[in-house]
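Here the structure comes first, spelled out in structure tokens, and everything after it is commentary.
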Amino acid sequence: MSEERSLNFIEQIIEEDIAAGTHGGRVLTRFPPEPNGYLHIGHAKSICLNFSLAQKYGGKTNLRFDDTNPVKEDVEYVDSIKEDIKWLGFEWAQELYASDYFEQLYQFAVQLIEKDLAYVDEATPEQIAAAKGSPTVPGTPTPARSRSIADNLDLFARMRKGEFKDGEKVLRAKGDLASPNMHLRDPLMYRIKHAHHHRTGDAWCIYPMYDFAHGQSDSIEQITHSICTLEFIPHRPLYDWFIAQLGIFPSHQYEFARLNMSYTIMSKRKLIQLVQEGHVRGWDDPRMPTISGLRRRGFTPASVRMFCERIGVQKRDNLIDFSLLEFCIREELNKTAPRVMAVLDPVKVVITNYPADKVEILQAENNPEEENSGTREVPFSNTLYIEREDFMEVPAKKFFRLGPGLAVRLKYAYVVQCETFEKDASGNITTIFCRYLPESKSGNDTSGLSVKGTIHWVSAAHAHQAEVRLYDRLFSVAEPGNEEGDFKSFLNPDSLQVVENALIEPALTKARAGDRFQFLRKGYFTVDVDSSPEKLVFNRIVTLKDTWAKETKKS
RNA sequence: UGCCGAAUAGUAUAACGGUAGUACGACAGACUCUGACUCUGUUUGUCUUGGUUCGAAUCCAGGUUCGGCAACCA
């Protein structure tokens with residue numbers, strides 16, 4: 001059923017591996033987050049990639065927390081990461097932690113010391129950096145480099161025992177100080193941190209560095225395709241080197257370009273800043289590009305997966321249009337979201353020839369895109385509210401809505417024609433007076449006339465109040481991360497607009513948190529968890545496409 | 001001026017020596033009891049210079065541009 005799609009470069013590699021019988025055709029991937037922040041849409045790309053690759057080729061995917069830096073990591077993040085992956089619709093084969101391998105990694109380090117491929121150094125970070133040279137100048141050995149194997153073994157054991165303070169010693173690989181690849185110039189393998197680890201507690205005071213943990217963890221798990229982002233390309237020779245020197249399972253690393261999206265940022269460091277400095281309401285603020293933010297905003301897992309599928313996988317840097325994400329959610333919600341009427345900016349309409357005490361119950365279809373979605377009842381009376389922007393005192397050309405003398409259809413109801421209107425002292429329209437055409441009722445319209453516009457409305461006596469939160473892009477420039485100056489100065493001041501007293505049709509009061517609707521002509525909305533029995537709170541997921549708004553902007 | 005990547009419409013992404021296609025966006029129109037949806041159409045592209053070849057986005061060489069790399073972060 002799925003449309004024909006050419007293979008991305010990683011799929012090509014896997015198919016070649018399977019054809020060549022590498023690892024017996026087995027495919028095992030892993031998703032390796034560090035539990036130091038919430039997952040964002042960029043991680044979703046990686047998650048979708050790793051899990052769908054395994055699904056496609058009959059393999060599995062491990063979830064492995066890369067928790068080698070206790071000072072930055074926390075169980076709060078572990079929990080949120082697991083929740084987000086599940087929400088996206090993926091199941092991991094095993095839940096693992098790099099910290100599960102601390103003892104094994106320690107033994108690996110000892111092996112390398114014994115092979116004279118690692119040594120304990122007491123130089124300061126500044127001295128080590130200086131001794132590494134520069135890309136064009138070879139490094140020089142620090143005095144410790146010539147230490148004996150026995151001494152190194154002893155010192156490393158004492159590092160583990162806690163005989164040294166933080167930063168006093170490190171374990172370094174004996175690489176190539178002249179390598180053009182800086183990562184090979186005696187990289188650090190272990191550092192001392194007397195810190196409490198979220199899983200191992202105080203069992204350790206030395207912790208492996210990424211380079212000495214990641215590849216070996218992959219190898220221990222027998223990961224066949226270790227997929228990461230482009231910035232790890234220069235690490236690959238080191239990844240391979242450790243595995244080769246240790247003689248362990250040859251996992252391989254492949255790199256793809258991380259996701260960048262316009263009008264937002266993907267840097268964990270910056271996202272955490274927005275949260276901690278209160279520029280947003282939290283990690284799950286609906287404006288955040290985090291998975292929890294998208295979830296609260298009302299995005300569906302399927303729409304996020306579709307987005308990740310459509311953006312593709314390549315090695316070139318990219319900047320994905322925010323509009324593609326919007327397209328993906330509209331695409332799904334158009335088919336699935338029930339239609340309802342809600343007036344965000346109400347103005348009163350009185351139908352002068354409709355009996356004041358009469359109430360009609362009209363039938364409204366729930367979703368024209370879905371055959372069996374049924375209908376619901378909507379009350380109609382002589383006093384209604386419509387959207388303020390659907391009335392113009394002096395109608396513009398091609399304005400197919402209400403204005404003096406103009407006629408529109410009230411959705412599911414009657415055609416009404418505006419006769420007159422009232423204004424208050426400051427010139428705001430307060431009431432619009434219309435006559436309705438009794439023979440124009442939806443379903444059996446015998447009036448014979450056709451009006452160009454149809455608008456939504458609610459009956460004043462039957463409408464309920466609700467809070468509606470209208471979200472817009474978080475930043476007002478396309479690449480806030482690449483602009484000069486503080487990225488926070490590019491925050492969009494209008495990214496959240498709260499409508500305290502929107503009016504919703506009575507059928508909507510049954511809505512529960514997480515339900516999604518299309519507010520006719522306004523957009524897609526979801527019920528926020530802030531809702532109470534007394535007052536519903538809606539988040540706008542995305543607007544509908546609005547050709548008229550575009551038209552008015554032109555002039 | 002070291003090493004490593006990458007360059008195809010506005011943005012993404014295909015074409016794997018043989019007609020440069022698709023999606024999103026934009027624009028124009030049709031339809032419409034949502035100015036939505038749907039449908040139709042239009043516009044715009046192989047970084048550059050050489051070379052190989054009957055034929056090059058694709059192979060080769062040089063150049064240009066962009067990105068990454070010298071954390072006791074991952």
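Going from the P atom of B:rU52 to that of B:rA15 covers 28 Å, rounded to whole Å. If you take atom P in B:rA57 and the same atom in B:rC47, they sit 10 Å apart, rounded to whole Å. With both ends at atom P, the span from B:rA61 to B:rA6 equals 14 Å, rounded to whole Å. The same atom, C1', is picked in B:rU40 and in B:rC31; the two are 11 Å apart, to the nearest Å. Comparing B:rU42 with B:rC60, their P atoms sit 37 Å apart, to the nearest whole Å. For the P atoms, the distance linking B:rA12 with B:rA28 amounts to 25 Å, nearest Å. B:rA9 and B:rG5 are spaced 23 Å apart, taking the P atom of each and rounding to whole Å. Nucleotides B:rU49 and B:rA56, compared at atom P, are 15 Å apart to the nearest Å.
OP1 or OP2 of B:rC73 has at least one side-chain nitrogen or oxygen of A:K193 nearer than 4.0 Å. Proximity of A:R316 to the phosphate of B:rU13: a side-chain N or O atom is located under 4.0 Å from OP1 or OP2. OP1 and OP2 of B:rA71 both lie 4.0 Å or more from every side-chain N or O belonging to A:K132. Remark: A:T68 is not in phosphate contact with B:rC73, judged by side-chain N or O atoms under 4.0 Å from OP1 or OP2. Distances shorter than 4.0 Å separate some side-chain N or O of A:K545 from OP1 or OP2 on B:rC37. For the OP1/OP2 pair of B:rA74 and a distance below 4.0 Å, the side-chain nitrogens and oxygens of A:R191 include at least one atom meeting the criterion. When the side-chain nitrogen and oxygen atoms of A:K268 are compared with OP1 and OP2 of B:rC73, none of them lie within a distance under 4.0 Å. When the side-chain nitrogen and oxygen atoms of A:T136 are compared with OP1 and OP2 of B:rC3, none of them lie within a distance under 4.0 Å. The shortest distance between the side-chain N/O atoms of A:Q314 and the OP1/OP2 oxygens of B:rU8 is not below 4.0 Å.
For the residue pair A:E332 and A:T300, a side-chain donor N or O sits within less than 3.5 Å of a side-chain acceptor on the partner. Checked by atom type, the side-chain pair A:E326/A:Y524 shows no donor-acceptor distance below 3.5 Å. Looking only at atom types and distance, the side chain of A:N62 has a donor-acceptor partner in the side chain of A:E221 under 3.5 Å away. Under 3.5 Å, the side chains of A:E439 and A:S447 contain no donor-acceptor pair of N or O atoms.
Within the nucleic acid shown, A:P33 has no heavy atom closer than 4.0 Å to any nucleic acid atom. Among the protein residues, A:Q12 comes within range of the nucleic acid bases, having at least one heavy atom under 4.0 Å from a base atom. At the heavy-atom level, A:R310 lies under 4.0 Å from the strands shown only through sugar-phosphate atoms. Among the protein residues, A:L544 comes within range of the nucleic acid bases, having at least one heavy atom under 4.0 Å from a base atom. As judged by a 4.0 angstrom heavy-atom cut-off over every strand, A:A123 is placed among the base-contacting residues. Using a 4.0 Å heavy-atom cutoff across all strands shown, A:G443 reaches at least one base atom of the nucleic acid. Among the atoms of the strands shown, base atoms are found under 4.0 Å from some heavy atom of A:K441. Contact annotation for A:R330: no contact, since no heavy-atom pair falls under 4.0 Å across all strands. At a threshold of 4.0 angstrom between heavy atoms, the contacts of A:S134 include nucleobase atoms, whether or not backbone atoms are also involved. Residue contacts shown for A:Y190 are absent, as no nucleic acid heavy atom lies under 4.0 Å away.
The side-chain tip of A:R147 does not point at the ring of A:Y119 from less than 6.0 angstrom away and within 45° of straight on. A:R160 forms a cation-pi arrangement with A:Y106, by the criterion of a distance under 6.0 Å to the ring centre and an angle within 45° of the ring axis.
Comment: A:R191 does not engage A:D166 in a salt bridge, judged by the lack of any side-chain N to carboxylate O separation of less than 4.0 angstrom. Classification of A:E387 and A:R521 as a salt-bridged pair fails, no side-chain N sitting under 4.0 Å from a carboxylate O. The existence of a salt bridge linking A:R64 and A:E34 is excluded, since no basic side-chain nitrogen approaches an acidic carboxylate oxygen closer than 4.0 Å.
Considering only side-chain atoms of A:S6, the nucleotide from B:rG67, B:rA6, B:rA15 that sits closest is B:rA15. Among the nucleotides B:rA74, B:rA36, B:rC69, the one closest to the side chain of A:M209 is B:rA74.
Between the base of B:rU34 and the side chain of A:Q518 there is a donor-acceptor pair shorter than 3.5 Å. Donor-acceptor pairing under 3.5 Å, judged by distance alone, is present between the side chain of A:D321 and the base of B:rG10.
With a cut-off of 3.5 Å on both pairing distances, the Watson-Crick and G-U wobble pairs of RNA chain B assemble into stems of 3 or more at B:2-7 with B:64-69, B:10-13 with B:21-24, B:26-30 with B:38-42, B:47-51 with B:59-63.
Comparing A:K45 and A:K169 along RNA chain B, the residue whose closest nucleotide (by nearest heavy atom) sits nearer the 5' end is A:K45. Residues A:L324 and A:P208 each lie close to RNA chain B; by heavy-atom proximity, the contact nearer the 5' end of the strand is made by A:L324.
Between the side-chain ring of A:Y210 and the base of B:rA74, no stacking contact exists by the 5.5 Å and 30° definition.
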